[in-house]
S.K.: 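Pasting in a structure now, in structure tokens, and then I'll have a few things to ask.
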Amino acid sequence: MSDRGTQSSTGVAEWTDLSEKLIRGLVHALNNRITALSSFAQLIALGDDQQTQQQVLPEELAQLSAVSEHLRALCSEHLSSEALEILPVLAEAVTLHRHHPTLRSIRCDVSMLSSLQPIRVPRWALLRLMLILIDSGKRAVDSTARDALAIGVQATEQVLTVVLPFDGTRSDYADEMAALCGASIAVVGEKRVVTFPTLLEVRRRERAARTADDR
């Protein structure tokens, strides 16, 4: 279930355009895995040696499972927030965006500039936010003919920030997903900076609010 009331038509159109590109790439990868498995099934039926069954087949099944999981994550919309580490979600977004039909060749270099605090956000909204920002960042990089997108992540006890190149285009959908995550987006020079309150900070605010209510 998604909070459609928070999503503008412009934002929805933006996400639809990106997600359709990624889904087409994932379907292509899925078809490749099915074709490979069909070929292996024929080899096994012809009495092929055990290498196919013991090595190649498990690897193909693992890749098939990964593609299926990516499709599930791309389509998931659960509103509940959870405490999580940002790096696994960012890594999933990086992997998903490799299925983009025109920007897949631009790699993502993620640098962790400090030890990171967990945050509390809806995972699906964070994943979509990272995908939109990676897409925008890759377009900025592509316009300068570079082949790598630099993503910086750092945190204090109060805030966690993600910094990427800015392509000059405002993203309504990124703003909406950031709002669902309790985050803010600012443009600083040629960079887009996303700032999240850490889990420690969220809990501090909640304690302060309860104390104020009790007075």
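As the structure is a computational prediction, the values presented were derived from the model and not from experiment.
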S.K.: Of the non-hydrogen atoms in L18 and H100, which two are nearest, and what is the gap between them?
M.R.: CD1-CD2, 3.9 Å
S.K.: Taking ring-ring contact (aromatic ring centres under 6.0 Å, His included) as the definition, give me every residue that meets it alongside H70, ordered by chain and number, with sequence neighbours left out.
M.R.: none
S.K.: Can you sort out the partners of E69 under side-chain contact (heavy atoms from CB on, under 4.5 Å), two or more places apart, ordered by chain and number?
M.R.: R72
S.K.: Hey, could you give me the CG/CD1 distance between L133 and I151, rounded to the nearest 0.5 Å?
M.R.: 8.5 Å
S.K.: Taking only residues two or more places apart in sequence or in another chain, which ones pass salt bridge (Lys or Arg N to Asp or Glu O under 4.0 Å) with E14?
M.R.: none
S.K.: Can you tell me how far apart CG (L103) and CG (L22) are? Round to the nearest 0.5 Å.
M.R.: 9.5 Å
S.K.: Side-chain polar contacts of residues 177-192 - donor-acceptor pairs under 3.5 angstrom, sequence neighbours left out - could you list them?
M.R.:
{"unit_1": "R192", "atom_1": "NH1", "unit_2": "S136", "atom_2": "OG", "d": "2.9"}
{"unit_1": "R192", "atom_1": "NH2", "unit_2": "T169", "atom_2": "O", "d": "2.7"}

S.K.: Can you list every pair that meets side-chain hydrogen bond (donor to acceptor under 3.5 Å, both in side chains) and has a residue in residues 148-158, with sequence neighbours left out?
M.R.: none
S.K.: Residues in side-chain contact (heavy atoms from CB on, under 4.5 Å) with D147, at least two apart?
M.R.: R107
S.K.: Taking atom CG of L200 and atom CZ of R204, what is their separation to the nearest 0.5 Å?
M.R.: 10.5 Å
S.K.: Do Y173 and L129 have side-chain heavy atoms sitting under 4.5 Å apart?
M.R.: no
S.K.: Listed by chain and number, what are the side chain to side chain donor-acceptor pair (under 3.5 Å) partners of R203, not counting sequence neighbours?
M.R.: none
S.K.: Output all residues satisfying salt bridge (Lys or Arg N to Asp or Glu O under 4.0 Å) with D17, sequence neighbours left out; order by chain, then residue number.
M.R.: K21
S.K.: Do you know the tightest heavy-atom contact between H97 and I134?
M.R.: CG-CG2, 3.8 Å
S.K.: Might you point out which heavy atoms bring L160 and T198 nearest each other, and give the distance in Å?
M.R.: N-CG2, 3.9 Å
S.K.: Should side-chain heavy atoms under 4.5 Å link Ile, Leu, Val, Met, Phe, Trp and Tyr, which residues sit in the same cluster as V202?
M.R.: none
S.K.: With sequence neighbours left out, what residues match N32 under side-chain contact (heavy atoms from CB on, under 4.5 Å)?
M.R.: H28
S.K.: Report the residues that fulfil salt bridge (Lys or Arg N to Asp or Glu O under 4.0 Å) with E206, sequence neighbours left out, ordered by chain and then residue number.
M.R.: R120
S.K.: Within the distance-only criterion (no hydrogens, no angle test), does the side chain of K138 pair as donor or acceptor with the backbone N or O of L149 below 3.5 angstrom?
M.R.: no
S.K.: My understanding is that only residues two or more places apart in sequence, or in another chain, count here; which of them pass side-chain contact (heavy atoms from CB on, under 4.5 Å) with R98?
M.R.: V94, T95
S.K.: Does the side-chain contact (heavy atoms from CB on, under 4.5 Å) test come out yes or no for E82 and R123, once each step is laid out?
M.R.: CA-CA 7 Å; E82 57 184 297; R123 193 181 193 282; 3.5 Å; yes
S.K.: Between I119 and V159, is there shared hydrophobic-cluster membership here, with clusters defined by ILVMFWY side-chain heavy atoms closer than 4.5 Å?
M.R.: no
